[in-house]
2 protein chains.
Amino acid sequence: MGVNNIGVGSVGGARRVSPGLQCLVCGDTSSGKHYGILACNGCSGFFKRSVRRKLIYRCQAGTGACVVDKAHRNQCQACRLKKCIQMGMNKDGRSMTSLPFIYNDENLMPLAFI
Amino acid sequence: MGVNNIGVGSVGGARRVSPGLQCLVCGDTSSGKHYGILACNGCSGFFKRSVRRKLIYRCQAGTGACVVDKAHRNQCQACRLKKCIQMGMNKDGRSMTSLPFIYNDENLMPLAFI
DNA sequence: TCCGGTCAAGGTTATT
DNA sequence: AATAACCTTGACCGGA
Ligand SMILES: [Zn+2]
Ligand SMILES: [Zn+2]
Ligand SMILES: [Zn+2]
Ligand SMILES: [Zn+2]
């Protein structure tokens with residue numbers, strides 16, 4: 001482990017969380033990079049499931065502006081995935097932040113996901 | 001690069017795989033010798049981890065005859081490691097093919113691994 | 001050339 | 001069913 005990898009430790013291949021890093025999506029403790037950005041296990045898994053199953057979420061509030069933090073990240077899947085993408089999460093090393101979003105009160109997913 | 005090294009190319013020091021060489025364990029493309037035999041990155045890493053951590057695997061099928069190819073190599077660790085050793089993989093330049101195996105439906109690992 | 005180390009991706013498991 | 005912690009894999013890199 002290099003000295004530059006402060007905050008990221010590994011034992012036997014296991015990835016451990018560390019107080020030094022935090023998730024760009026929800027602020028929870030991060031174990032390192034996931035899909036291009038510093039993210040926690042929760043947001044990493046959520047993004048993985050959403051992309052793999054091509055899930056389409058709808059913001060129940062209709063605003064697309066729900067708070068996404070450790071305490072509320074499971075309250076609105078649409079806003080959580082939106083923030084994942086806005087913070088730079090991507091599947092193939094290609095950013096999705098410039099993709100058009102659907103805000104027509106149907107869902108908040110980028111067109112490329114459908 | 002010598003003319004004898006057909007199939008193995010390198011650019012800028014990076015090791016590249018080539019269709020000309022294939023892993024003796026699973027048939028995947030190989031980048032050259034690993035632990036004594038032509039092997040792919042996957043089987044090389046698998047053997048490395050197994051030996052280092054002295055892992056003991058069990059064949060769930062109980063036959064010790066699972067297919068080990070690129071598509072199925074992760075289906076049975078016991079049969080993968082068995083084939084690694086049978087094809088001549090070794091840790092210190094000393095062949096393990098003559099080591100006794102345990103076939104008493106407990107596991108398939110060589111005694112020396114335990 | 002090859003070996004050891006790295007670490008993100010994907011799979012698995014426990015929990016709810 | 002979804003979530004998140006844990007685990008295994010393998011492509012890549014630097015060093016010998
Ligand atoms: Zn998070
Ligand atoms: Zn919302
Ligand atoms: Zn192989
Ligand atoms: Zn088997």
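Order of the sequence lines fixes the chain letters, A, B, ..., with proteins taken first and strands second; residue numbering starts at 1 for each chain.
- A donor-acceptor distance shorter than 3.5 angstrom exists from the side chain of B:S50 to the backbone of B:F46, with no hydrogens or angles considered.
- Here C:dC3 presents its C1' atom at 12 Å from CG of B:D92, a figure rounded to the nearest Å.
- OP1 or OP2 of C:dC7 has not a single side-chain nitrogen or oxygen of A:Y35 nearer than 4.0 Å.
- Distance, A:F47 CZ to C:dA9 P: 10 Å, rounded to whole Å.
- In terms of the salt bridge (charged side-chain N to carboxylate O under 4.0 Å, His left out) criterion, A:K48 has no residue partners (sequence neighbours excluded).
- Residue A:S31 comes nearest to A:N41 through the heavy atom pair OG-OD1, 3.5 Å, listed as atom of the first residue, atom of the second, then distance.
- Evaluation of atom-type donor-acceptor distances gives no pair under 3.5 Å for the side chain of A:R53 against the base of D:dA2.
- B:F47 and B:Y35 have tilted rings, their planes meeting at an angle from 30° to 60° on a 0 to 90° scale.
- Nucleic acid contact for A:G42: sugar-phosphate only, since backbone atoms but no base atoms lie under 4.0 Å from a heavy atom of the residue.
- With rounding to whole Å, B:R80 atom CZ is found 5 Å from D:dG10 atom P.
- B:C66 and B:A61 make their closest contact through SG-CB, 4.1 Å (heavy atoms, listed as atom of the first residue, atom of the second, distance).
- Here salt bridge (Lys or Arg N to Asp or Glu O under 4.0 Å) pairs that include residues 36-45 of chain B, with residues two or more places apart or in two chains, number zero.
- The separation between B:F46 atom CZ and C:dC3 atom P is 17 Å, rounded to whole Å.
- With hydrogens and angles left out, the side chain of B:R49 and the base of D:dG10 share a donor-acceptor pair within 3.5 Å.
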Quiz item: Given A:N74 and A:R80, is the side chain to side chain contact (heavy atoms under 4.5 Å, CB included) satisfied, shown in steps?
Solution: CA-CA 8 Å; A:N74 287 325; A:R80 187 183 194 180; 3.0 Å; yes

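- Atom-to-atom, CD of A:Q77 to C1' of D:dT3 comes out at 10 Å; the value is rounded to the nearest Å.
- Whole-Å rounding puts the A:N41 CG to D:dA5 P distance at 5 Å.
- OP1 or OP2 of C:dG4 lies within a sub-4.0 Å distance of a side-chain N or O belonging to B:K91.
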Check: protein-nucleotides 11-14 of chain C nitrogen or oxygen pairs below 3.5 Å:
from	atom 1	to	atom 2	distance (Å)
C:dG11	OP2	A:R52	NH2	3.3
C:dG11	N7	A:K48	NZ	3.1
C:dG11	O6	A:K48	NZ	3.2

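- Rounded to whole angstrom, the span from the CZ atom of B:R73 across to the C1' atom of C:dG10 amounts to 14 Å.
- What separates CG of A:N74 from P of D:dA5 is a distance of 11 Å, to the nearest Å.
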